[in-house]
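Reviewing the structure listed below.
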Amino acid sequence: MSRYQLGEFEEVVMLTVAILYGDAYGIAIIDEMENRLGRKVSIGSLQTVLRRLEDKGLLQSEFGEATKIRGGKRKRFFTVTSLGKKMLENAKDQRLSLWDAIPKIAFNE
Amino acid sequence: MSLENNNTPYVILYFFRWYCHPDFVEDLEGDLIERYQLRKIDKGNYNAYWNLIRDVLALFRPGIIKSFERSQKLNYYGMLKHDLLIGWRSLLKNKGYAFLNIGGLTIGLTVSILIGLWVHDELSFNKFHQNYDRIARVLRHEVYNGEHETNAVMTTGMGSLIAQEYENRFDGVAMVRQRIEERLLIHNDEKFNSKGYFMQPMAPKMLSLKMVRGTQSGLDDMLSIMLSESLSEKFFGKENPIGKLVEMDGADGLKVTGVYEDLPKNTTYCDASFIAPLDYYLYGWSDLNVWDNYNMHILVQLKAETNLEETSKAIESAILPHLGERTKSRNPSFFLQPMNEWNLYGEFKDGKPIISERMKFVIFYALIGVFILILACINFMNLSTARASKRMKEIGVRKSMGALRGKLTFQFLCESFIVTFLALTAAILLTFLLLPGFNIISSKQLVMPWTNFSFWLTIFVFSLFTAILSGSYPAFYLSSLDPIRSLKGTFKPGRFSAIPRKALVVFQFSISTLLIIGTLIVKQQIDHAKNRPAGYEKDRLISLRASSPDYWGKYDLLRDRLKGTGVVDEIAESNYSVTSHLGWNEGIEWQGKDPNYIPVFNTVRVTPEYAKTIGLEFQAGRDFSRELITDESTVIINESAAKLLKGMKLPLVGQTIDFDNGNFNGSQFKIVGIVKDMVKGSPFANSFPSILFPTKKDQGWLYIKVNANVPLRDALYKIEKTYGEVIPGAPFDFRFADEEYNAKFQEEEKIASLAWVLAGLAIFISSLGLFGLVSYVAEQRTKEIGIRKVLGASVMQLWSMLSGEFVLLVGISCLIAIPISWYFMQEWLSQYDYKIEISAWILILGGASSLILTILTVSFKTLMTSRLNPVESLRDE
């Protein structure tokens with residue numbers, strides 16, 4: 001598993017799922033991402049990524065309540081698994097170690 | 001603000017539901033609806049509607065839509081995969097049985113493929129020639145001494161007449177010297193005795209010869225010759241031979257005008273290493289308008305629109321007026337036979353076509369091929385059904401899980417498909433490896449038709465047939481087992497369930513025993529003919545064709561010189577070789593002969609030393625003598641000829657025959673001696689009625705009897721040296737009379753060797769199957785045998801208990817096979833004049849040998865089981 005590298009979009013999706021802890025279903029994730037990051041997210045690309053991450057065991061999901069506005073259909077709530085958490089931490093550490101390695105002079109104009 | 005569901009555009013959602021993976025439909029549809037409703041409030045109906053469409057389309061991507069595989073798992077494909085897997089596993093689990101099955105089927109299929117190639121080759125005889133279906137030869141029926149005869153040999157007059165009168169019906173007419181001629185061809189110092197045909201100029205084109213050099217019209221000039229590629233290479237190597245001169249029999253120089261590719265073996269003219277003009281053959285002694293000498297084949301190539309039957313009638317009406325009274329009295333009728341029928345449909349009886357010997361072979365071998373394949377299929381059937389109890393649990397479980405009988409049948413068929421497929425692959429490889437050897441025993445030029453589509457199609461259909469034949473009975477039987485009883489383990493195959501199996505074993509061994517007996521009888525018949533007295537001494541007798549003109553007139557000198565060397569007993573000449581069929585004459589008269597009786601005699605002209613040289617045995621009278629002047633008009637006859645001289649006064653020696661032919665000295669000949677019959681033609685046929693006419697003139701064949709006390713190699717060396725001194729131009733190209741004699745057995749020996757192979761394979765396949773059955777039975781009864789041993793049974797008792805059943809079955813097979821083989825072999829022998837009587841002991845020997853083989857096969861396994869220590873066999877549990 002350690003070989004597997006999260007893609008950028010995957011990482012953002014997982015982080016958003018973590019932010020929305022307990023309330024992360026399709027539309028909420030899209031809204032949160034659009035609000036926080038200001039980027040357009042298509043439902044198609046989001047849903048494929050969610051299913052893929054679930055297949056890999058980084059996310060897990062369960063059905064929640066049904067509301068009237070949804071035509072009586074239940075929501076599917078996603079949460080990050082411990083494996084997913086490890087992957088996220090891993091990614092973060094990598095980034096930080098890269099940042100740390102940058103010599104000061106590089107960004108000093 | 002309305003949140004009513006009925007506002008949602010359902011058409012679009014239906015589309016979504018159709019493509020979406022069933023696991024995701026609910027939550028995704030919820031998301032879609034929620035978004036649609038929220039947008040409707042925010043931005044209005046129109047915007048929400050279009051955005052919904054966009055979202056649905058955006059979701060139409062891999063990962064969300066239904067998986068193709070999963071949605072189709074419910075059909076046959078998955079089941080098929082499963083069946084193949086289970087079949088493969090059960091093969092691996094029972095490697096021994098799998099080996100027996102696949103091995104047997106491989107042999108069966110290999111034999112079938114080889115025989116199939118052979119039969120195909122026979123059926124495509126002469127089809128090498130492009131217009132084989134429109135090229136025909138003229139045949140003639142006639143009645144001769146009350147017997148119908150059919151003959152293809154015509155006169156040159158007939159051929160010329162047909163060519164002139166019916167030019168408009170034919171694309172070509174060509175006469176061909178009816179038999180292949182042997183000539184000595186010389187170029188510079190190279191000399192080769194070669195066989196070839198004399199043909200009219202149209203022939204090469206009609207036969208669509210493939211020219212390597214020159215053109216098909218190479219026979220237009222009388223002094224020309226066309227060579228086969230192989231002969232051309234012998235003479236000229238890679239050089240271009242066109243325009244070079246080749247001497248024929250040392251007489252004339254013929255200009256090489258063409259080189260053709262050697263004809264394939266399954267054509268009539270395959271042995272032609274040269275083709276020379278017919279005009280050259282006839283030059284100086286005959287012409288194209290002779291009506292009393294029958295020596296030509298007439299080939300015609302019909303125009304596309306011409307009708308064969310009608311043309312036959314026209315030819316007949318054209319020829320009849322030209323025939324003499326005597327010929328007409330034979331009531332001749334003429335017809336045409338297309339080229340591809342010459343081989344297999346070339347025999348006639350009473351003016352009607354009959355099934356030829358060749359065709360009988362084709363049918364016979366095809367039948368054997370099918371039978372051997374069936375024997376291999378039976379192995380599969382028997383081993384699968386016998387081992388049914390091993391798979392009872394599996395079948396029970398499948399049935400209780402709801403497997404239909406059809407599905408189970410299909411599963412077991414799958415297994416036979418796997419086995420057949422593996423066997424087929426092995427068989428194709430094996431065929432490829434065996435083909436060169438097979439070509440030698442069958443004297444064919446078969447090649448593996450790798451790129452031939454119809455070959456693969458035939459193979460495919462055949463293996464399908466094999467798989468279904470061998471798989472259908474086990475599939476039917478196994479799928480019929482009762483699930484409850486088979487799961488409980490109380491299922492015992494009934495007493496009668498083994499009967500079909502036993503019947504199949506009996507069938508297998510009947511066929512095998514039949515083949516063994518047949519082979520033994522063929523062998524005995526050949527040996528019988530080989531031991532037949534030849535009537536002359538073949539040992540140390542060599543013959544030479546006197547092919548060079550330098551040779552004429554030197555007989556006396558050669559004789560004196562050769563006898564002077566001390567290694568030669570005697571030399572003689574005759575106009576036909578002693579093993580030849582040629583030289584038949586009628587028109588011999590004698591006092592007391594019935595005028596309506598027209599016997600035919602084999603007439604040979606010989607020098608006076610002939611009888612002494614080839615060692616004829618005198619029964620009465622004396623030999624010719626060179627010294628007696630009156631001996632010019634005497635003859636020696638053999639016993640068969642004596643029998644034909646009906647009505648002649650006895651004793652025959654001293655009587656006179658009248659024979660006014662012009663080719664012999666005078667017209668009255670006194671019989672001076674009677675010799676024992678000699679085998680000239682087929683050793684299986686009656687001896688020819690021969691009359692020997694003495695002559696002092698040179699003849700075509702020279703015989704030299706080598707002294708028995710000199711080593712043969714030294715003698716040959718001395719003879720060759722002397723021969724070369726006397727006749728410098730001629731090659732010393734001799735043959736041994738005993739070798740030529742043995743060549744007469746070739747056809748029969750070929751049958752015998754093929755029969756050996758086929759009989760051997762049949763019995764081998766049957767034994768394989770039997771071995772499988774015995775192993776299974778012995779395995780099943782291991783415990784029983786252990787207990788019996790503990791209770792005091794001896795190894796012999798156990799052995800006979802286990803083997804008895806199989807020996808009984810094979811015994812029954814023998815009883816069936818013996819009368820059938822007696823009947824068929826009686827039929828086969830009836831074609832020979834000189835034959836054995838089928839004796840009882842050979843039938844018994846055949847039966848006994850298959851019984852002994854059975855006992856050996858069975859005992860191998862039963863003895864092993866009987867000798868097991870009961871502690872071993874009873875231990876587990």
Within a radius of less than 6.0 Å around CD of A:E62, do more than 12 heavy atoms belonging to other residues, nucleotides or ligands occur?
no

As a quick check of understanding, evaluate side-chain contact (heavy atoms from CB on, under 4.5 Å) for A:Y25 and B:D31, giving each step before the final call.
CA-CA 8 Å; A:Y25 75 100; B:D31 283 6; 3.6 Å; yes

How many angstroms lie between CD1 in B:I33 and NZ in A:K73, if you round to the nearest 0.5 Å?
6.0 Å

CZ (B:R17) with more than 12 external heavy atoms under 6.0 Å:
yes

Toward chain B, the part of A:I30 with a non-hydrogen atom under 4.5 Å
side chain

Over 12 non-hydrogen atoms of neighbours within 6.0 angstrom of OH in B:Y19
yes

Which region of A:S45, side chain (C-beta onward) or backbone (N, CA, C, O), has a non-hydrogen atom less than 4.5 Å from a non-hydrogen atom of chain B, or is it both or neither?
both

CZ of B:F15: more than 12 outside heavy atoms within 6.0 angstrom?
yes

Please report the interatomic distance CD1(A:I69) to NZ(B:K40), rounded to the nearest 0.5 Å.
10.0 Å

Would you say CH2 of B:W450 has more than 12 non-hydrogen atoms from neighbouring residues, nucleotides or ligands within 6.0 angstrom?
yes

If you count the non-hydrogen atoms of other residues, nucleotides and ligands that lie under 6.0 Å from CZ in B:F421, is the total more than 12?
no

For B:E26, which of A:K75, A:R76, A:R74, A:R70 qualifies under side-chain contact (heavy atoms from CB on, under 4.5 Å)?
A:R74

So how far is it from B:R61 CZ to A:T48 OG1, rounded to the nearest 0.5 Å?
4.0 Å

Nearest heavy-atom neighbours spanning A:I43 and B:A58:
CG2-CB, 4.3 Å

Side chain, backbone, both or neither of A:R52 within contact of chain B (heavy atoms, under 4.5 Å):
neither

Residue A:F9 excluded, over 12 heavy atoms near CZ under 6.0 Å:
yes

Taking side chain as everything from C-beta outward and backbone as N, CA, C, O, which of these in A:S42 sits under 4.5 Å from a heavy atom of chain B? Side chain, backbone, both or neither.
side chain

